[in-house]
Structure formats: C-alpha cells, structure tokens
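Indexing begins at 1, ligand by ligand and atom by atom, following the structure's order. In what follows, residues are counted from 1 in the order of the sequence shown.
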Amino acid sequence: MAQRAAIVTGASSGIGLAIARVLGEEGYALTLAARRPEKLAAAAEELRGAGYDVHDVAGPLSEEDQVKAVVEAHRERHGRLDVLVNNAGVGIGAPVAEIQAKRLDMQLDVNLRAIVLFYRECVGMLRAAGAEHRGALVVNTSSISGKSGQPWLSVYSATKAGVIAYTQAMNKELSADGVKSCALCPAFVDTPMTEFAKAGGVAAEDMIRVEDVAESVRMLLRLSPACIVPEIVFERPGEIL
Ligand SMILES: NC(=O)c1ccc[n+]([C@@H]2O[C@H](COP(=O)([O-])OP(=O)(O)OC[C@H]3O[C@@H](n4cnc5c(N)ncnc54)[C@H](OP(=O)(O)O)[C@@H]3O)[C@@H](O)[C@H]2O)c1
C-alpha cells in the first residue's frame, strides 16, 4: 500500500495535470479522473513515464455514479486518501437572456455538485488520514470569478463562489479532524480553457502558468497541522481584484 495517496479530478490537462505532477513528485500514488478516456489515458501515461504510480478512471463527473466509481477504484487500489483535488470544471459563457438550462445544469453539476459528492464519498478516508497525521488536504479549484462575479460568465462565477463557500464550510466541519480545505482562485491561467481569451487578445505569456498554481499545492502540503490556508488568490499585473 502506498504511504500517501491522492485523487485529482480534471487531471487530463491544464491545472489538474500540473497538480498531479507535483503530487507525483511528492511521492503520492495517484488516481486521476476526467471526462474523455483517451485524453486522460495519455496524461496518465505521461506521469507513469516519469515514474509515478498512476491509475486513471474516465467518465463524466456530472454523474453521481461516476464520482462513486472514481472513489471506489481509488479505495480498492490504495485503501487510503491523503489529498483530494477537486479540479474538474467547465465554463460556458452566455449573456443572461441567453442562458440555456442544459448548460446551466452542466456547470452546476461539474463545478459544484461533483465537489459535494466527492467530499461525501471521501470523508471516511480523509478523516482516517487526518487522524493519522493531521494533514489530510482537500484542494478545490475555484476561480477569481468566484471572488467577484463576471459578466457573461455569471453561472460559472456563481458555481465558483459556491466552491469558496463550500470550502469554508468544510473547514468548519472537518478541520478539527485533521482535514483541511483550500480554494484556489486564479485569474487567467494558460490552459485549454482560456483559448477563447487568447483568441480575444490576451497573450498566453501574460497568463498565470499552471506550474504557479501547482506550486501552491506543494506549499499546502508543507504546512504544519496548526495552519490552515482557506483560499489562495492568483492575480495578474494590471488586473487586480
Ligand atoms: N484556466 C483558467 O484561466 C482558470 C481560471 C480559474 C479557474 N480555473 C478552473 O481550473 C480548473 C481546471 O481548468 P483548466 O483551466 O486546467 O482547463 P482544462 O485544461 O480544460 O481542464 C479541465 C479539466 O476538467 C475536466 N472536465 C471537464 N468537464 C468534465 C466532466 N463533465 N467530467 C469530468 N471531467 C471534466 C476536463 O476533462 P475533459 O477534457 O476530458 O473534458 C479536464 O481534465 C477548472 O475548474 C476551471 O474552472 C481555470
């Protein structure tokens, strides 16, 4: 059995893949989850090539059964969970008059509902890790738009604000058991999700790097049990909240 184990959702590209890499470097056995099987398998293969213990479970995390399947696969393989990274997310822009219920539901389901379900399914293993070393950690990828709602990304912003509130609630509910939670709140990060912004004139090199966000997770891993960092905001020069 691995000494430390983690689940990372949305691990097939961007921020999630960078966080998975950091966790691999730090010696964590990994279960990776994302929607599209081939893309996730390629990411898992890349990490295995770097020498990490990686298992991948693909499928839509908008489905409760898929969340359960990811956690069950992880439990069977490792029997413990020290770090949970709830990072899968989807953003679909629309002016308020044009919001489609299907897209509204998709963003709520992936960005917020899946996080609640992952906590529910994982809390037993997280509490066990917390009892062992007081440093079980849940990292939830929110967004700077969760700190200050954005026009045309109103639904996305609302889901990400929900992630921050849920993270706060989980710290109040679970931190005494050695389970800490942190919401990451980045501005534009250079990932596939921000292709629309690059097309709109924001240069990739002016965006936050996925490694910047992932390094913050390494910092969280190193905190003493006495210290909780409930959220980390990543801003860009000239674009301060
Ligand atoms: N990039 C930014 O500027 C930025 C800023 C703030 C916050 N964020 C947040 O950061 C997180 C990661 O995004 P990213 O920027 O790294 O973009 P990304 O590279 O597109 O990653 C998104 C990840 O989420 C997965 N995902 C999406 N829908 C899913 C579903 N229904 N079921 C399971 N997995 C699903 C994707 O898998 P598939 O590709 O297979 O769908 C992919 O692995 C998201 O929560 C996003 O909201 C991003």
(request) Return yes or no for this condition: an N or O of Gly10 is under 3.5 Å from an N or O of ligand 1. (result) yes
(message) Keeping Glu239 on the side-chain end and Phe188 on the backbone end, is there a donor-acceptor pair under 3.5 Å?
(response) no
(request) Give the numbers and elements of all ligand 1 atoms closer than 4.0 Å to a heavy atom of Thr141. (result) 9 (C), 10 (O), 11 (C)
(request) Test Ile232 against every option in Pro186, Ser142, Ser216 by the side chain to side chain contact (heavy atoms under 4.5 Å, CB included) rule and name the one that passes. (result) Ser216
(request) Considering only non-hydrogen protein atoms, determine which one is nearest to atom 22 (C) of ligand 1 and report residue, atom name and distance to 0.1 Å. (result) Gly89 O, 3.9 Å
(message) For Ala33, state whether at least one heavy atom is located under 4.0 Å from any atom of ligand 1.
(response) no
(request) Tell me which one of Asp190, Ile15, Ile115 gets a heavy atom nearest to atom 48 (C) of ligand 1. (result) Ile15
(message) To check your reading of the model: name the closest protein heavy atom to atom 12 (C) of ligand 1, its residue, and the distance in Å.
(response) Asn87 OD1, 3.4 Å
(request) Can you figure out which of Ser142, Pro192, Gly14 has its heavy atom closest to atom 7 (C) of ligand 1? (result) Ser142
(message) Looking only at protein heavy atoms, which one is nearest to atom 2 (C) of ligand 1, and what is the separation?
(response) Val189 N, 3.5 Å
(request) Among all protein heavy atoms, pick the one closest to atom 19 (O) of ligand 1 and tell me residue, atom and distance. (result) Ser13 OG, 2.6 Å
(request) Spell out, as yes or no, whether a donor-acceptor pair under 3.5 Å connects the side chain of Thr159 to the backbone of Leu112. (result) no
(message) Looking at every non-hydrogen atom in both residues, tell me the closest pair between Val83 and Leu81 and how far apart they are.
(response) O-CD1, 3.3 Å
(message) With a 4.5 Å cut-off on side-chain heavy atoms, are Cys185 and Ser143 touching?
(response) no
(request) Check whether any side-chain N or O of Asp82 sits under 3.5 Å from a backbone N or O of Ala136 as a donor-acceptor pair, and report yes or no. (result) no
(message) Quick test: of every protein heavy atom, which one is nearest to atom 15 (O) of ligand 1, and how far off is it to 0.1 Å?
(response) Thr191 OG1, 2.6 Å
(request) Examine ligand 1 and decide if any of its atoms is less than 4.0 Å from a heavy atom belonging to Gly91. (result) no
(request) List the closest protein heavy-atom neighbour of atom 6 (C) of ligand 1: residue, atom name, distance to the nearest 0.1 Å. (result) Pro186 O, 3.2 Å
(request) State which residues pass side-chain contact (heavy atoms from CB on, under 4.5 Å) with Ala73; sequence neighbours excluded, sorted by chain then number. (result) His55, Val57
(request) Taking only heavy atoms of Ala187 into account, list the atoms of ligand 1 that are under 4.0 Å away from them. (result) 3 (O), 5 (C)
(request) Please write down residue, atom name and distance for the protein heavy atom closest to atom 34 (N) of ligand 1. (result) Arg35 N, 3.2 Å
(message) Below 3.5 Å, N or O to N or O, backbone or side chain included: is there any such pair between Lys39 and ligand 1?
(response) yes
(message) With a 3.5 Å distance limit and no angle check, can you tell me whether Ser175 reaches the backbone of Lys172 through a side-chain donor-acceptor pair?
(response) no
(request) For side chain to side chain donor-acceptor pair (under 3.5 Å), just list the numbers for Tyr166 and Asn171, CA-CA rounded to whole Å, side-chain angles, deciding distance to a tenth of an Å, and then say yes or no. (result) CA-CA 9 Å; Tyr166 203 77; Asn171 272 326; over 6 Å; no
(request) Give the intermediate values and the outcome of salt bridge (charged side-chain N to carboxylate O under 4.0 Å, His left out) for residues Arg222 and Glu26. (result) CA-CA 10 Å; Arg222 283 167 171 42; Glu26 295 293 323; 3.0 Å; yes
(request) Consider ligand 1: state whether an atom of it lies below 4.0 angstrom from any non-hydrogen atom of Ala43. (result) no
(message) Taking the basic N atoms (NZ, or NE/NH1/NH2) and the acidic carboxylate oxygens, is any pair closer than 4.0 Å for Asp53 and Arg77?
(response) yes
(message) Taking 4.0 angstrom as the limit and counting only heavy atoms of Ala11, give me the atoms of ligand 1 inside it, by number and element.
(response) 43 (O)
(request) For the pair Arg209 and Asp212, find out whether any cationic side-chain nitrogen is under 4.0 Å from an anionic carboxylate oxygen. (result) yes
(request) Please could you name the atoms of ligand 1 that Pro60 approaches to less than 4.0 Å, counting only its heavy atoms? (result) 32 (N)
(request) Check each atom of ligand 1 against the heavy atoms of Gly59 and keep those under 4.0 Å away; list them by number with element. (result) 32 (N), 33 (C)
(request) Report the residue from Val8, Asp56, Leu17 that forms a side chain to side chain contact (heavy atoms under 4.5 Å, CB included) with Leu47. (result) Leu17
(request) Consider ligand 1: state whether an atom of it lies below 4.0 angstrom from any non-hydrogen atom of Ser145. (result) no
(request) Using a strict 4.0 Å cut-off to heavy atoms of Phe188, name the atoms of ligand 1 that fall inside it. (result) 3 (O)
(request) Would you check whether Lys160 reaches within less than 4.0 Å of ligand 1, judged by its heavy atoms? (result) yes
(message) Geometry only, no angles: is Tyr156 polar-contacting ligand 1 at N/O separations under 3.5 Å?
(response) yes
(request) Please answer whether the main-chain N or O of Ala5 pairs with a side-chain N or O of Arg80 as donor and acceptor at a distance below 3.5 Å. (result) no
(message) Tell me the contacting part of Thr194 for ligand 1: side chain, backbone, both, or neither, using a 4.0 Å heavy-atom threshold, strictly below.
(response) side chain
(message) If you count heavy atoms of other groups shown closer than 6.0 angstrom to CE of Met106, is the number above 12?
(response) no
(message) Please list the nearest protein heavy atom to atom 36 (C) of ligand 1 with its residue and the distance rounded to 0.1 Å.
(response) Ser12 OG, 4.1 Å
